[in-house]
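Below you'll find the structure, written out as structure tokens, and then a few comments.
Residue numbering restarts at 1 for every chain, and letters A, B, ... go by the order of the sequence lines.
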Amino acid sequence: MKAALLLLLLVSAGLLFRLDRAADRTPLPGWKPRLVILLCVDTLRADHLGCYGYPRPTSPAIDRMASEGVLFENAFSQGNRTQLSFTSLLTGTYVAEVRADRSLPPDRTTLASLLASYGIRTLASVAGGHLNHAFGFNRGFDEYEDKIDFASFHSTLPYAIRWLHEVARNPRPTFVFLHGYDVHSPYHKPLVFDRMYAPGYEGPARGVVMSGVAENKIWDGRLYDETDADASLPATRRLAEAHAASVALAPADVDAVTAGYDGAISYADLYVARLLDEVRRVGLERDTLVILIGDHGEQLLEKGFQGHGLDLDDRELHVPLVMWGPGGIAGGRRVRDVVELVDVFPTVADFFAIRADTPGTSLRARALGLPLSQKGPGRGGGGSALSACAAGRALRTADYRLVVAAPRQATGGYEVVDGLYSASDPAARHNLIGRPEMAAVARSLLEELETRWKSVAQ
Amino acid sequence: LRWFACLLVALVALNAALAVRWLALRRAAGPDDRQRFMALLGKVDADGDGRLSREEFLRTGGSAAEFERADLNHDHQVDVDELRTAFDREDPNRDPGQARE
């Protein structure tokens, strides 16, 4: 009888202990994580995730992460290509072009360099390709794993999991950059993901777009195939022949392209789930901050073409930004302010109690639900996002997007070549620039773009 | 002895209540990995029998070779555990140079 009583007491104590740990979800004020993980799903558009309102159930793990953390509804990338976006993000600066040799500018402090100078361990497991160490993106990292070019999280996540176990045993503050190309075209994935949202589809988009190299082969709603055109023929003749051989895509084909992209998101989402599982499993849940981003978006035939690096509209620049850190972040909050990926640099530094002298604004206060205490010098008064590519510049506010050409060398002035679009027109289909009632808005935005770009561009 | 028995009953009741609460908190923590694959299978299992036939597998994008590799017990069906194992085994890393900026 005494033994039974003793056993019951022990079981009670054990259950109380487990219950206390499981129920301990109160965020701590002034929280400082020991581990910060920057998790980038390359080419991930915000508006194809459930937590951003997408009706298809593409992303249950990311949705859950958002419900337990803080979601930034209006986060924008500085570039519409991987290298441009990461050159900006990892240096905390605005960049219009990457150099011809595509190296990270050697004169700029990188996020990893800054953190390492404060004794923080810096680790990266990236999917090579445009982030290959040959381009300088490894600067400041203690370890930079990029063995397979254009790899999936299938290859990059195991390094992060190994490091999680090391962090659990070692109290040294650590920064981990984890990246995968799972959502980048071609969208083909193993098993059931290619057509899980378009079962049975067998049209022209199947072989080339979902399983092959088709990026930029779709133009104006037509699919162009490789041609063995006779080079001696006039260019106009070759174009005419290519056009004649092209296939007009039907709505079902367009849907299949989108379904392939969505299937790739569902594939990547399972790896996001496994990362968070492992953080919990090693007992780092209350010491870890995970910042999930996309580096740029993707055109999915809304304007007749597919891919990225093609336009400066929301399809290519509106990216997810979700922060998960149960130790300090109260779940379920959404921030509506316009923020930028250039803000990630000072935000990560701020969570490690390091002040970053970069143009972005730390989002730590917003993430923790505290009053905004720090404002970057580059940020416009009303909250706006600057983006750029070699050919153009864009300014996105809460209400509008303005797209202009790159400044003319002779005058340094900007010219509106693309247009002015409402924020409710993310595919930038309806240009408002010619409307007399919009003239004052356009002038004001152009002035803000010029002022901001001059103050921050390097 | 009566006091002792009462204490025993109270402890059993307390343990039961704690266990129920702990299980509820675990459920609130979200699905485990196997449950995620059950949800995935549910999205592509056209006839709702809880397994993927070869036809269902091919209709949603899988290849015949992948199906053969996934069907570990050779019963011409892929169940949730086989799907989960196949997810871990199938290497999606593509040929370098296919992806572009």
Side-chain angles (χ1 to χ4, degrees), chain A residues 1 4-5 8-9 11-12 15-16 18-19 22-23 42 57 60-61 64 68 81-84 127-130 148-152 154-155 181-182 184-186 188-200 210 212-213 215-216 260 263 266-267 270 273-274 276-277 280 307-309, chain B residues 1 4-5 7-12 14-26 28-33 36-37 39-41 43-46 52 55-63 66-67 69-70 78 83-84 86-101:
Chain A
M1 196 66 107
L5 189 64
L8 276 170
L9 278 169
V11 172
S12 302
L15 277 169
L16 274 170
R18 298 296 295 266
L19 199 59
D42 203 286
R64 183 162 196 94
E68 295 176 354
R81 293 180 297 119
T82 297
Q83 282 203 319
L84 198 56
H130 310 301
I148 303 176
D149 278 340
F150 303 110
S152 155
H154 182 85
S155 301
Y181 275 109
D182 302 71
H184 196 293
S185 67
H188 169 66
K189 293 291 163 289
L191 307 173
V192 298
F193 296 92
D194 277 7
R195 288 182 293 181
M196 64 184 290
Y197 297 118
M210 289 158 70
V213 188
E215 194 170 284
N216 302 341
S266 291
Y267 183 82
L270 284 162
R274 287 181 165 189
L276 299 190
D277 280 353
R280 292 187 182 101
H308 52 270
Chain B
L1 194 63
F4 198 76
L7 185 63
L8 210 57
V9 169
L11 273 173
V12 169
L14 174 67
N15 273 314
L18 287 173
V20 167
R21 176 79 181 125
W22 183 59
L23 286 173
L25 281 168
R26 271 186 65 92
D32 64 21
D33 201 57
R36 286 188 201 107
F37 279 86
L40 170 66
L41 191 141
K43 288 178 188 172
V44 292
D45 177 17
L52 295 181
E55 186 192 2
E56 287 171 328
F57 192 90
L58 298 183
R59 268 176 61 80
T60 51
S63 69
E66 285 171 346
F67 184 83
R69 289 195 293 270
V78 171
L83 184 63
R84 195 173 160 207
F87 180 85
D88 289 333
R89 288 185 175 179
E90 294 288 339
D91 187 348
N93 293 313
R94 52 183 69 105
D95 179 24
Q98 280 199 330
R100 301 157 30 161
E101 270 193 323

- Item | Donor-acceptor contact below 3.5 Å, side chain R195(A) vs main chain G62(B) | no

- Of Y267(A), F193(A), Y181(A), which is the lone residue that meets side chain to side chain contact (heavy atoms under 4.5 Å, CB included) with P92(B)? Y267(A)

- Task: Work out which heavy atom in H154(A) is nearest to a heavy atom in D88(B); give both atom names and the distance.
- Result: CE1-O, 3.0 Å

- If you count heavy-atom pairs under 4.5 Å between each of L7(B), L40(B), L41(B) and chain A, which one has the most? L40(B)

- Message: Please classify the contact of F67(B) with chain A as side chain, backbone, both or neither, using a heavy-atom distance under 4.5 Å.
- Response: neither

- Message: Can you tell me which portion of Y197(A) sits under 4.5 Å from chain B's heavy atoms? Options are side chain, backbone, both or neither.
- Response: side chain

- Task: Just give me the residue among P60(A), S266(A), P57(A) that pairs up with chain B most often, heavy atom to heavy atom, under 4.5 Å.
- Result: P57(A)

- Item | R274(A) atom CZ, over 12 foreign heavy atoms within 6.0 Å | yes

- Within a strict 4.5 Å, meaning less than it, do heavy atoms of the L191(A) and V78(B) side chains meet? no

- Item | Spatial distance of atom CD (E90(B)) from atom NZ (K189(A)) [nearest 0.5 Å] | 13.0 Å

- Message: Which one wins on heavy-atom pair count under 4.5 Å against chain B: P190(A), S155(A), A127(A), A61(A)?
- Response: P190(A)

